[in-house]
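Chain A is the first sequence line, chain B the second, and so forth, proteins listed ahead of strands; every chain is numbered from 1. Just so it is clear, the model here is predicted, and its values are computed rather than measured.
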2 protein chains.
Amino acid sequence: MVAFNHNAISQGEIPGVQTRQRRSRLIDFVRVRGFASLDDLVRELGVSESTIRRDLDALEEQGTARRTHGGVLYAGGHARLSEFDERQPAHWAAKRAIAAAAAERIDDGETVLLDGGTTTYEVARLLVGRSIQVVTNSLPVANLFASESRADLVLLGGYVSPRTGVCLGPYANELLGRLHVTTTVLSAAGITAEGLYNAHLLLAETEQAMLRAAGRVFVVADSSKFGRKSLTFVSGLDSIDLLVSDTGLSAEWRQQIKAAGVDLVVVDPAPLEPLDGDHDSHRDDRTKPPRERHT
Amino acid sequence: MVAFNHNAISQGEIPGVQTRQRRSRLIDFVRVRGFASLDDLVRELGVSESTIRRDLDALEEQGTARRTHGGVLYAGGHARLSEFDERQPAHWAAKRAIAAAAAERIDDGETVLLDGGTTTYEVARLLVGRSIQVVTNSLPVANLFASESRADLVLLGGYVSPRTGVCLGPYANELLGRLHVTTTVLSAAGITAEGLYNAHLLLAETEQAMLRAAGRVFVVADSSKFGRKSLTFVSGLDSIDLLVSDTGLSAEWRQQIKAAGVDLVVVDPAPLEPLDGDHDSHRDDRTKPPRERHT
DNA sequence: TGACTCATGGTCGCTTTCAATCATAATGCG
DNA sequence: CGCATTATGATTGAAAGCGACCATGAGTCA
């Protein structure tokens, strides 16, 4: 009939059974949705706004949820990798533009091997929803495709590097030795006339295995990477088929890349200066819906 | 002169360079933080609140961001696995309680092998921050530990099942054959007197390999799993060391489990009363006449 | 039984946020 | 340059959210 509350303990802070169960349902709801407004929760749980507010206060103090003006975020277990956090947004613009150029050169039905790194991550984001097979050693990339039934996903195993979230080690290399993919998209920490360099010893080996597994090799690297060496040598320029970079790349480098027999694509991250005059590459397929004006 | 004002409605056009750059910085900021308030963005980008609002309108229409009252969420590339979404919250309470009992029986310094599944995921959540080594075939579990420098993480590779986010196939089994862990935490789709059952053919093989790699074996399964078979047989009860379940487990089952030489831990999801059935019994209060207003 | 605690729902005033509007500065174009 | 368009910042009234307070009802304990 009416609410029964069998709470026997009067320790002050311990909530009763009903309360606990409702809060449990609440965080489950928020966990699934990622975000919920106060009103959503009132409707979902069938209690008053006041009660929801009290629940949120308790859950926030407990650390499970995070309140915002007008709603809640799920705060439990959302880990973020430092590599993706610390970058300054300026470079992201170049990375995105480079990624777009690389992604549009990948066809449906291909098997694509995606390296770790922020630029390849952007490539991966643009490939979500496409009908392709994806092979990767990167946890963030794998997450993008994990719930996509459109794409098949193969993940390389091994030891996971905490900072970058990529799988390393002999096991990953071994698995790579048995795979063949149509296109590999590789990142690099440094590029010189000799070839690609990377900052991680184990990763270099893995990337070499990636090169061997590939039909064709794309390298995505913004212009700041050129002329810089890094810890270990990965590969010569001759194993690269296509290199995508941004307009910050000097004329000398462009020539040198082309001289090595590598196809070079240079993209303009944000047409700030009329360097090449053409900034009309923006297709406006979005017809503006006539916004209703409120009187 | 006409009094028309085009400003308010002509926002669907191509934005200028500066605007585009700022919006790019904006989504980068939101991407990193997950959520940002209007005020955060004003401070971060150094423009007025009105401008931020216009940016958010544009980005929301474009699908990159999602507005809430008082802030923005990042909306790009957050994939969620269906298995974690569709569960009814009632079971989550039992799962959490079971997980807590299992997690507190794992010591610092151990090497723990975590299976896929929602209950083992809860175990994993409780192990975050502990000094342990983690081996898993589950992508969601791996995500929990990926940015944790406290714990070493080894991920099994192979084909990733889209619905559950676990790695399957011969590659995973092969790597497991070369590993040894102190404790394996296993889930099950069904448990009978004969042993554990699972719903996935390939996963059964992987779980058998997990059993072989383990020093001791925990099985976490809520009481609804008992007496149910599933697609394939995984293992007999004799390979299990500890079974954790909830109080819904009947006395017959408890006896049968113990008779098989398995340690049994039964936890109470809601420590005082099961309380199933109607939970919103305050409904009839709504017909109460409006109370006097207080000044 | 009566005092007490817990959980809840409703209402108040106050604060924040929102959308819309206007005015001005910056930009683009012939 | 002059004109048109866009981008921005400030303002304003309306709406929504918030914390605090109080009343009610159920259950517990002495």
Between CG of A/D55 and P of D/dG19 the distance, given in whole Å, is 13 Å
Toward the 5' end of DNA chain D, by each residue's nearest nucleotide, B/I52 or A/D57
B/I52
Categorize B/S50 for me: base, sugar-phosphate, or nothing, with a 4.0 angstrom heavy-atom threshold over every strand shown.
base
In whole angstrom, give the distance that lies between atom CG of A/D39 and atom P of D/dA15.
16 Å
Phosphate contact (D/dT8 OP1 or OP2) by B/R22 side-chain N/O below 4.0 Å
yes
Rounded distance in Å - CD (A/E60) to C1' (D/dC18)
13 Å
So, B/S224 and B/D222: side-chain donor and acceptor under 3.5 Å apart, yes or no?
yes
Are B/T51 and B/L45 packed together at the side-chain level, in the sense that at least one heavy-atom pair is separated by less than 4.5 angstrom?
no
Taking only the side-chain nitrogens and oxygens of A/T51, find out if one of them lies under 4.0 Å from OP1 or OP2 of C/dG9.
yes
Would you say the side chain of B/Y121 lies within less than 4.5 Å of the side chain of B/L144, judging by non-hydrogen atoms?
yes
Separation of C/dC18 atom P from B/L41 atom CG, nearest Å, is 11 Å
Can you find a pair of side-chain heavy atoms, one from A/V123 and one from A/F218, that are under 4.5 Å apart?
no
Comparing A/H69 and B/V47 on DNA chain D - which has the more 5′ nearest nucleotide:
B/V47
Would one find a side-chain N or O of A/T19 under 4.0 angstrom from OP1 or OP2 of C/dT8?
yes
A/R67 vs D/dC18: side-chain N/O to OP1/OP2 distance below 4.0 Å:
yes
Please state how far atom CD in A/E49 lies from atom P in D/dG17, giving the value in whole angstrom units.
7 Å
A/T119 and A/S187, any side-chain heavy atoms less than 4.5 Å apart
no
Does any N or O donor sit under 3.5 Å from an N or O acceptor when you compare the side chain of B/R53 with the base of D/dG9?
no
Atom CD of B/E61 and atom P of C/dA19 are separated, to the nearest Å, by 13 Å
Separation of D/dA15 C1' from A/L38 CG (nearest whole Å)
15 Å
At 4.0 Å (heavy atoms only), tell me whether B/T68 reaches a base, stays on the sugar-phosphate, or touches nothing.
sugar-phosphate
